[in-house]
Structure formats: C-alpha cells, structure tokens
Amino acid sequence: AQSVSQHNHHVILSEAASLELGCNYSYGGTVNLFWYVQYPGQHLQLLLKYFSGDPLVKGIKGFEAEFIKSKFSFNLRKPSVQWSDTAEYFCAVNANTGGFKTIFGAGTRLFVKA
Amino acid sequence: DTGVSQDPRHKITKRGQNVTFRCDPISEHNRLYWYRQTLGQGPEFLTYFQNEAQLEKSRLLSDRFSAERPKGSFSTLEIQRTEQGDSAMYLCASSLRGHSSYNEQFFGPGTRLTVL
C-alpha cells in the first residue's frame, strides 16, 4: 500500500533562514508527487507538482522540490523563508496507474519568526 | 467566488444522528473527491466521482457512509448513525479531467463535524 512520511511535524525558523522539509513515499511504480500548503484560515492549495521530466520542480512563492527516485523522496526547499510562509505543508503522492486515490502525509507545521 | 464551496461549514450533532454535507465543485470540473482530515493528520481519501459515477471508494468509507453526485454537479456525503470517531473535517475537492490521470485538485473550505 502507498504511504507518505513527512519527517518533521513542527519546524520553527527565523526569517531568511533556509527551509527543507522531508518527504518519503512508499510505492514501487511511477508516481505523481505534490506539495500542498494550507495558510492559517485558508483552503489547501497546490504549491508544486511533479509528473515527469526534470526532477527539480519549481512552484509558487519561491518554493522548489527535488524528486530523487532512488531515495523515494520529494523534499521541499526554499532558500530564504518569510514570515508569510507560516503554514502547514503536506506532501502527497498519487500512483500513476490511472487511479485517483491520493495519499497525503501527516503534514509539517512551519512557523517563521519575524 | 467561483471556487469549491461546502455547506455547512460546521456541524455539531449528537451520537446516533444522521448528517449530510454538500459540496459544490468548480462548475466545469467533472471530477470530485471527498477526504476526511483529523487533527494532526493529512487528508485521507474517502471517495471519488467522475461526473455522476462513483469510481473509487476507500475502505474507510464504512456502510454508514454514502456519497452521491446525482447529476454530475454537486455532491452529498451522508453519515448515518454518527459516532464520536466520525468527528473530523470533511474536505471536498474537484478537478478537470485532462490528458494525465491526475489533475490539480482544488479544495473547498471543509465541513467540521463534531459528534457529541
């Protein structure tokens, strides 16, 4: 069965610090990978996605993620965080088999100190 | 607002009662998903519709849960004989079928259910 593991449940950073949130998944086949973000009081929204091609994908607001197939990982990065990045971040995987079930990780709460 | 809407936003009920939630997807989206999210967890897939056809259901969706999308537009999720363990946020999402098997899902604000 597919599963998604996010390494940190809570992260606290100061503004301008670099961010890396870990995500590992378990599935042996081809996958589609996603990072979603939920800002306080707002809906879940897509931050970035990987389907195929360049394993380094860029998303909104300066975020990027790298797909490393050999490590079953899809870590999220941002070189310099801002206070407005305070949010909960979810990694998700969908097996590229034509099915539609998307598995989410438990989420990482990021708090950025001004 | 042309995003996904859900009604009600909050529902408090007593154990044993039935509840029904509604989701209105983005108008041109033909795919609709229901998820459940509990505290400290990510969304858990419940079921999926393409137009009016329910194509996939999670084992989480017990016999007390039923979902419909009768005309391929809005959807309802009903929970019968609610239990305290049903307390959660119920999320709806929609997407537009395209070339790939997956398209970006747009989420609604959710319905928070509290079972007393």
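Since we're looking at a predicted model, the values are computed, not measured. We name chains A, B, ... by the order of the sequence lines, and we start the count at 1 in each one.
Here B:E78 pairs with nothing under the salt bridge (charged side-chain N to carboxylate O under 4.0 Å, His left out) rule; sequence neighbours left out. By the salt bridge (charged side-chain N to carboxylate O under 4.0 Å, His left out) test, B:R15 is found to be paired with no residue, residues two or more places apart in sequence or in another chain being considered.
Proximity to chain A (any heavy atom under 4.5 Å) is shown, for B:L46, by neither the backbone nor the side chain. Using a 4.5 Å cut-off between heavy atoms, B:E44 does not touch chain A at all.
Contacts classified as salt bridge (charged side-chain N to carboxylate O under 4.0 Å, His left out) and involving residues 51-63 of chain A (residues at least two apart or in different chains) are given here: A:K58-A:E64.
Residues from residues 104-112 of chain A that place a non-hydrogen atom less than 4.5 Å from a non-hydrogen atom of chain B comprise A:F104, A:G105, A:A106, given in numerical order.
No more than 12 heavy-atom neighbours from other residues, nucleotides or ligands sit within 6.0 angstrom of CD1 on A:I12.
Linking Ile, Leu, Val, Met, Phe, Trp and Tyr whenever their side-chain heavy atoms come within less than 4.5 Å leaves B:F49 and B:F74 in two separate clusters.
With a 4.5 Å cut-off on side-chain heavy atoms, B:V4 and B:F107 do not count as touching.
Taking the ring centroids of B:Y48 and B:Y35, they lie at or beyond the 6.0 Å cut-off.
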